[in-house]
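Each remark here refers to the structure printed beneath this line.
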Amino acid sequence: TTDNQNTQVTDGFHLVIDALKANDLDTIFGLVGIPITDLCRLAQAEGLRFIGFRHEQHAGNAAAIAGYMTQKPGICMTVSAPGFLNGLTALANATVNCFPMILISGSSEREIVDLQQGDYEEMDQLNAAKPYCKAAYRINHIEDIGIGFARAIRAAVSGRPGGVYLDLPAQLLAQTMPVEEAKKSIFKVIDPVPRQIPAPDAVERALNVLKGAKRPLILLGKGAAYAQADADIRALIEKSGIPYLPMSMAKGLLPDNHPQSASAARSFVLAEADAVLLVGARLNWLLAHGKGKTWGKDPKKFIQIDIQANEVDSNVQIDAPLIGDIGSCVGELLKGIAAVPKPADEWISAINEKKDKNMAKMAETLAKEASPMNFHGALRAIRDVIKQNPDVNLVNEGANTLDYCRAIVDMYKPRKRFDSGTWGIMGIGMGYAIGAAVTSGLPTVAVEGDSAFGFSGMELETICRYNLPITTVVFNNNGVYRGTDVNPTGGADVAPTVFVKNARYDKMIEAFGGVGYYVTTPAELEAALIKAIAEGKPALINAVIDETAGTESGRLTNLNPSTAAGKK
Ligand SMILES: Cc1ncc(Cn2c(C)c(CCOP(=O)(O)OP(=O)(O)O)sc2=O)c(N)n1
């Protein structure tokens with residue numbers, strides 16, 4: 001359009017879209033409303049994909065997984081205040097998990113917020129976001145849109161990736177500026193993820209720790225999967241002959257049936273290893289903070305590859321910090337690995353003995369037919385289908401459903417398993433599934449506890465609306481963890497952990513045009529899953545699971561505090 005001097009002008013709406021396009025960011029996951037509805041319409045009109053959700057948390061989770069899969073920040077767009085707050089949970093979760101995403105929310109004008117004059121959806125969103133994300137910026141002037149997006153993109157993907165909040169006051173979108181001037185303000189960020197090469201002496205120190213080890217172990221975290229240094233990571237493991245342990249989202253970096261995988265002997269190798277190389281894995285609660293009985297009685301030497309120097313010594317002393325990006329660090333170790341002697345035969349044979357014993361025990365459990373179907377029978381069926389479909393994305397959450405699926409369902413390719421991650425958060429299911437399916441275009445299977453599914457179940461309508469190839473498998477055991485608790489008072493209210501008995505989640509998806517399956521045996525589950533994946537349409541399989549089969553909080557039972565007071 002032209003201004004009163006007859007000069008061609010553009011506006012904030014268009015410059016936001018131009019900034020995204022200039023940086024190859026082509027998909028927005030969001031939920032419309034004041035003041036972003038027209039921005040979302042314009043995004044679609046200008047060729048970006050806009051995926052509209054039913055709750056902003058799930059849009060944010062989709063953006064986070066898109067970031068994890070592509071190494072470019074996933075984009076989530078919400079309205080102000082309550083919409084922003086709903087997205088904030090996903091932004092915090094992305095930051096904790098080191099997934100790059102940008103939450104863009106419309107906001108109120110500063111002059112009204114700062115005088116607390118009670119604006120529509122008034123909130124100091126920028127300051128509300130800061131404690132829960134990696135960086136937060138507000139853009140007040142149209143001429144700053146290019147630099148503001150550059151800052152947000154670089155903050156999301158450089159160093160340790162994470163969530164960034166970008167605050168756009170409503171008036172910014174309507175501001176105008178001459179087109180020629182505007183074009184100069186938009187640019188593509190140059191080298192947003194600069195390689196960070198480790199110092200030669202640090203590489204030497206790390207190799208020396210490996211040379212002195214009798215029982216070395218390599219631990220792969222989801223950071224190793226995110227790095228997309230797959231060939232070099234595989235070469236480091238295979239050339240060194242060192243056994244490795246993948247954390248849940250690193251499964252598939254090497255096929256889970258790889259001879260050097262120590263997953264089936266996890267407790268043994270964590271306790272017995274005398275040197276541990278951490279690749280994109282933090283010694284946090286998931287690894288018992290690197291100390292205590294999990295790690296055995298003898299002291300261990302730790303080598304830690306990390307892009308953030310102050311993560312080192314977070315829990316235990318690190319003998320060889322290797323600071324840099326994972327690709328560069330692994331590449332440097334590879335150059336010197338030939339000089340590292342292969343692990344002692346007795347270490348490898350001790351691990352294989354443990355693996356064979358534990359795998360035989362698991363095979364025995366999986367072979368048992370149980371009626372009603374239990375977690376193991378259901379997951380054996382899913383394991384067999386995934387083995388035939390290694391390209392399928394697998395999303396997983398729940399308690400028993402999460403713990404058993406991680407152990408039983410092998411993954412064969414990198415960045416195919418997306419789960420509750422560092423926070424153990426429930427509710428990631430449908431958002432992660434949509435993010436993975438939209439980003440990859442590949443069939444996606446979400447293996448969900450029935451409680452976990454409930455957090456994002458309304459997004460089944462979103463899945464059907466975009467006709468996404470997502471099959472949701474609900475492990476229905478009538479409650480949180482299990483379905484058997486009773487109200488001790490005998491009152492009308494059911495126990496806190498119990499749901500509607502024999503709920504038919506398969507009927508839910510039929511309401512939106514999807515295909516529902518109701519299965520009660522592993523054979524029925526296997527057949528339904530094969531069919532649903534092949535059809536590539538939105539589907540939900542309601543898998544009836546024995547309501548007595550679960551344990552409270554799965555493997556985290558011990559984290560529950562218990563009352564010492566007992567009954568009054
Ligand atoms: C956001 C959120 N709310 C609540 C929890 C607590 N929680 C909850 C509610 C779980 C659900 C377990 O029930 P389920 O039906 O999903 O799984 P299983 O039947 O497989 O045990 S697992 C768990 O840690 C959580 N982790 N995250």
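Quick note: residue numbers are just sequence positions, from 1. Whatever order the structure lists them in is the order used to number ligands and atoms, beginning at 1.
- Just one of V392, L254, D391 meets the side chain to side chain contact (heavy atoms under 4.5 Å, CB included) condition when paired with K413; it is D391.
- Contact between G290 and L283 at its shortest, heavy atoms only, is CA-CD2, 4.0 Å.
- Y412 and N257 get closest at one heavy-atom pair: CE2-ND2, 3.8 Å.
- N477 places no side-chain N or O within 3.5 Å of a backbone atom of D546 that could act as its donor or acceptor partner.
- The protein residues lying under 4.0 angstrom from ligand 1, judged by non-hydrogen atoms, are F375, G398, A399, N400, T401, G424, M426, G449, D450, S451, A452, F455, N477, G479, V480, Y481.
- Just one of T95, N97, N93 meets the side-chain hydrogen bond (donor to acceptor under 3.5 Å, both in side chains) condition when paired with T422; it is N97.
- Residue pairs satisfying the ring-ring contact (aromatic ring centres under 6.0 Å, His included) criterion with at least one member in residues 431-479, sequence neighbours excluded, are listed as follows: F453-Y505.
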